[in-house]
Amino acid sequence: MTYKTMAVGMILFLSSACLPHPGSLPEETPSLPSSTKEEVSLFAPTESKNVPAQEILPPPQEPSPPSSLSPSPPPTENQPVSSLGFPISDEANDDFSFEVLPEDRPKPKQTFDIPIVINARVEYFIQYFQTTAKDTFARWLARSERYIPFMRNLLKESGLPEDLVYLALIESGFNPYAYSRAKASGPWQFIYLTGKRYGLRSDWWIDERRDPEKSTLAAAQYLKDLYDMFECWYLAAAGYNAGEGKIATAMKRYRTEDFWELAKYRYLKRETKDYVPQMIAAALISKEPEKYGFIGIEYQEPLRYEKVKVPEVTDLRLIAQACEITLNEIKELNPELSRWCTPPNFPDYEIKIPFGKKELFSKNFQTLYSGERFQFKNHLVKKGDTLSSIARLYRVDLEPILEMNRLNKKSRLSIGTNLLIPLPKDQGLKPDRVVKKKSGETGHGSKPVQTTTYTIKKGDTLWSIANELGVNLGALSRWNNLYPEKKLMPGDKLKIQMTKLSDLPEGFREKKAEKK
């Protein structure tokens with residue numbers, strides 16, 4: 001019995017020694033309460049003096065990794081902070097809160113909707129764009145934001161991966177006027193035959209391969225056809241560069257559908273072998289330019305525009321005047337137009353104007369445009385042609401031909417040049433039917449020819465005045481001893497000869513006729 005009593009006593013003694021004493025161990029480290037702003041430290045000032053430093057340190061076997069290396073999110077405000085030292089003051093807590101602001105959190109990893117493989121060739125072009133071609137690539141990046149947003153939308157609407165937009169980056173650097181040695185043109189670098197196959201018109205007057213919108217839609221259709229053929233975006237991209245026939249032959253010859261395997265052989269040109277790794281490198285850099293050393297890029301504003309329909313052969317200066325903008329702004333929005341006007345034989349041509357100008361254009365254009373008084377004929381210059389012989393051929397004065405084609409009498413014609421010949425819409429009547437009458441002769445067998453004056457306004461040209469008043473341009477030049485290239489000064493007077501003053505527009509009918 002004595003032994004049993006001693007054994008029980010010994011057990012009770014050992015148990016009491018192992019169990020924690022209510023006053024001997026520190027309480028569990030409290031977290032910062034979110035509802036009370038007054039408690040900004042883990043301990044009150046009076047408590048912190050009595051608590052040993054080691055009691056608030058984290059257990060050594062569970063260290064907290066630094067936020068910059070940890071894949072998990074940084075500690076929130078309601079979690080215990082294990083890396084704080086002792087004592088903890090209000091100032092230290094404020095500093096800690098600043099470190100976990102959202103903008104300081106690691107950025108999410110970029111995602112791609114095309115396959116991304118990083119190998120030796122891709123790394124080579126990443127380094128190449130970072131060093132040798134850095135200035136060029138920086139210019140491409142600056143220009144990219146002007147075109148990428150709406151090109152992405154067009155690719156998406158066509159059911160294609162949006163990241164295929166980076167093909168245009170390595171093709172042209174998003175330059176609509178880019179032109180290669182192989183005579184490929186535009187941001188997507190179409191050659192003439194491929195562009196024609198996908199509906200892009202290219203002639204003397206217009207080159208739709210330079211149109212960012214139309215060429216993107218054509219490129220989307222071409223890439224879609226290539227993917228349907230090869231079922232691989234790398235092979236589709238290679239086919240876009242070399243042609244689908246070249247890739248199909250390479251696959252048959254080497255019995256592989258792996259682009260990287262095909263790139264090991266000599267059959268494909270170096271340009272085609274490098275095309276896919278360049279696309280991947282360009283996509284990687286473009287999505288995270290700062291990561292690759294491209295800092296401080298001044299990106300251009302995204303391209304925004306509206307479309308309006310205009311008659312064929314409408315002067316771009318007239319369109320700019322109706323929008324109250326400069327001629328260069330119209331040209332920048334419409335890089336597909338090769339001449340000074342919209343193309344002939346293209347009625348209701350849709351031209352792009354700055355976004356928000358549509359209402360202003362409609363209002364001004366109705367006033368400025370006096371209506372079509374001419375029909376137009378294209379003349380292809382042949383061997384032996386001269387300006388005078390062409391004018392005689394179509395029985396029109398030489399001056400309208402010079403004005404319409406921005407030429408002068410000393411201009412030399414090249415074989416194959418297209419000339420625009422303005423013809424009167426009244427069939428069977430010569431354009432100079434009125435001007436050949438002398439001052440005292442009767443017009444239409446009744447009334448004599450009468451003369452009035454026209455005051456030149458800002459923006460007027462001989463062509464616009466002749467078109468507005470319905471008189472022949474060459475005759476107008478002769479009446480006033482002018483030549484088509486002469487610059488008109490606002491406020492000067494021009495003599496206008498009319499058979500009947502009632503033929504003048506309403507604004508001129510009230511003016512008194514003067515004798516010649």
Side-chain angles (χ1 to χ4, degrees), residues 109-126 128-129 137 140-141 144 147-174 180 184 186-191 194-195 197-198 212-213 215-265 267-288 292:
K109 188 177 180 179
Q110 292 292 342
T111 57
F112 298 85
D113 55 9
I114 57 174
I116 297 295
V117 173
I118 301 180
N119 54 26
R121 293 305 293 168
V122 174
E123 290 178 343
Y124 168 81
F125 282 108
I126 289 175
Y128 174 76
F129 291 142
F137 200 86
W140 292 358
L141 286 177
S144 67
Y147 298 101
I148 280 182
F150 85 88
M151 283 185 174
R152 278 185 174 277
N153 289 336
L154 293 176
L155 292 172
K156 184 178 181 181
E157 290 171 3
S158 300
L160 297 180
E162 297 177 33
D163 288 335
L164 289 176
V165 73
Y166 297 112
L167 281 180
L169 180 65
I170 63 172
E171 282 282 2
S172 66
F174 294 108
S180 73
W188 291 91
Q189 290 291 281
F190 276 98
I191 61 174
T194 308
R197 192 204 315 175
Y198 287 94
E213 179 181 332
S215 64
T216 300
L217 292 173
Q221 186 58 53
Y222 187 24
L223 287 166
K224 193 172 185 179
D225 291 344
L226 289 167
Y227 183 77
D228 291 342
M229 182 182 297
F230 299 122
E231 297 183 350
C232 169
W233 284 119
Y234 289 167
L235 293 174
Y240 189 91
N241 176 259
E244 56 270 29
K246 187 80 170 178
I247 302 304
T249 302
M251 293 168 61
K252 184 177 180 181
R253 174 178 292 191
Y254 300 109
R255 298 181 182 181
T256 179
E257 297 179 356
D258 186 344
F259 167 78
W260 304 107
E261 189 67 23
L262 289 177
K264 295 178 182 179
Y265 299 100
Y267 179 71
L268 295 180
K269 291 182 179 180
R270 171 58 60 188
E271 176 187 341
T272 304
K273 295 178 183 179
D274 291 342
Y275 194 74
V276 171
Q278 281 184 17
M279 177 188 70
I280 297 173
L284 289 166
I285 296 175
S286 298
K287 289 204 174 186
E288 295 183 285
Y292 294 95

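None of the values given here were measured: they were computed from a predicted structure.
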Under 3.5 Å side-chain donor-acceptor pair for [X] and [Y]:
X      : Y      : value
Tyr198 : Asp225 : yes
Glu123 : Asn119 : no
Trp188 : Ser172 : no

Rounded to the nearest 0.5 Å, how far apart are [atom1] of [X] and [atom2] of [Y]?
X      : Y      : atom1 : atom2 : value
Glu171 : Met279 : CD    : CE    : 11.0 Å
Glu257 : Glu231 : CD    : CD    : 8.0 Å
Leu262 : Arg253 : CG    : CZ    : 11.0 Å
Trp233 : Ile114 : CH2   : CD1   : 9.5 Å
Ser158 : Leu223 : OG    : CG    : 10.0 Å
Leu160 : Gln221 : CG    : CD    : 8.5 Å

At their closest point, which heavy atom of [X] faces which heavy atom of [Y], and how far apart are they?
X      : Y      : value
Met151 : Pro187 : CE-CB, 4.3 Å
Lys273 : Phe259 : O-CZ, 3.6 Å
Pro277 : Phe125 : CB-CD1, 4.0 Å
Phe112 : Ala283 : CE2-O, 3.8 Å

Requested in this report: Run through Glu271, Gln189, Gln278 and flag the one making a side chain to side chain donor-acceptor pair (under 3.5 Å) with Asn241.
Outcome: Glu271
Query raised in the report: If only atom types and distance count, is the side chain of Asp163 paired as donor or acceptor with the main-chain N or O of Asp113 below 3.5 Å?
Result: yes
Query - Under 3.5 Å: donor-acceptor pair, side chain of Ser286, backbone of Ala282 - result: yes
Query raised in the report: Taking the six-membered ring of Tyr267, is the NZ or CZ of Lys246 close enough (under 6.0 Å from the centre) and on axis enough (within 45°)?
Result: yes
Query raised in the report: Between Tyr222 and Arg197, is there a cation-pi geometry (under 6.0 Å to ring centre, at most 45° from the normal)?
Result: yes
**Report entry** Verdict with reasoning, Met229 to Leu235, per side-chain contact (heavy atoms from CB on, under 4.5 Å)
**Finding:** CA-CA 9 Å; Met229 182 182 297; Leu235 293 174; over 6 Å; no
Query raised in the report: Do NZ/NE/NH1/NH2 and the carboxylate oxygens of Lys224 and Asp228 come within less than 4.0 Å?
Result: no
**Report entry** Criterion side-chain contact (heavy atoms from CB on, under 4.5 Å) against Tyr166, the qualifying member of Ile285, Ile148, Ile280
**Finding:** Ile148
Requested in this report: Under the side-chain contact (heavy atoms from CB on, under 4.5 Å) rule, what do Phe137 and Leu169 come out as? Steps first, then yes or no, please.
Outcome: CA-CA 9 Å; Phe137 200 86; Leu169 180 65; 4.0 Å; yes
Query raised in the report: In this structure, are over 12 heavy atoms from other groups packed under 6.0 Å from Lys269 atom NZ?
Result: no
**Report entry** Check against side-chain contact (heavy atoms from CB on, under 4.5 Å), Met251 and Phe230
**Finding:** CA-CA 10 Å; Met251 293 168 61; Phe230 299 122; 3.6 Å; yes
Can you find a pair of side-chain heavy atoms, one from [X] and one from [Y], that are under 4.5 Å apart?
X      : Y      : answer
Tyr234 : Trp260 : yes
Ile118 : Leu284 : yes
Val117 : Val276 : no

Query - Trp140/Phe174 aromatic ring centres below 6.0 Å - result: no
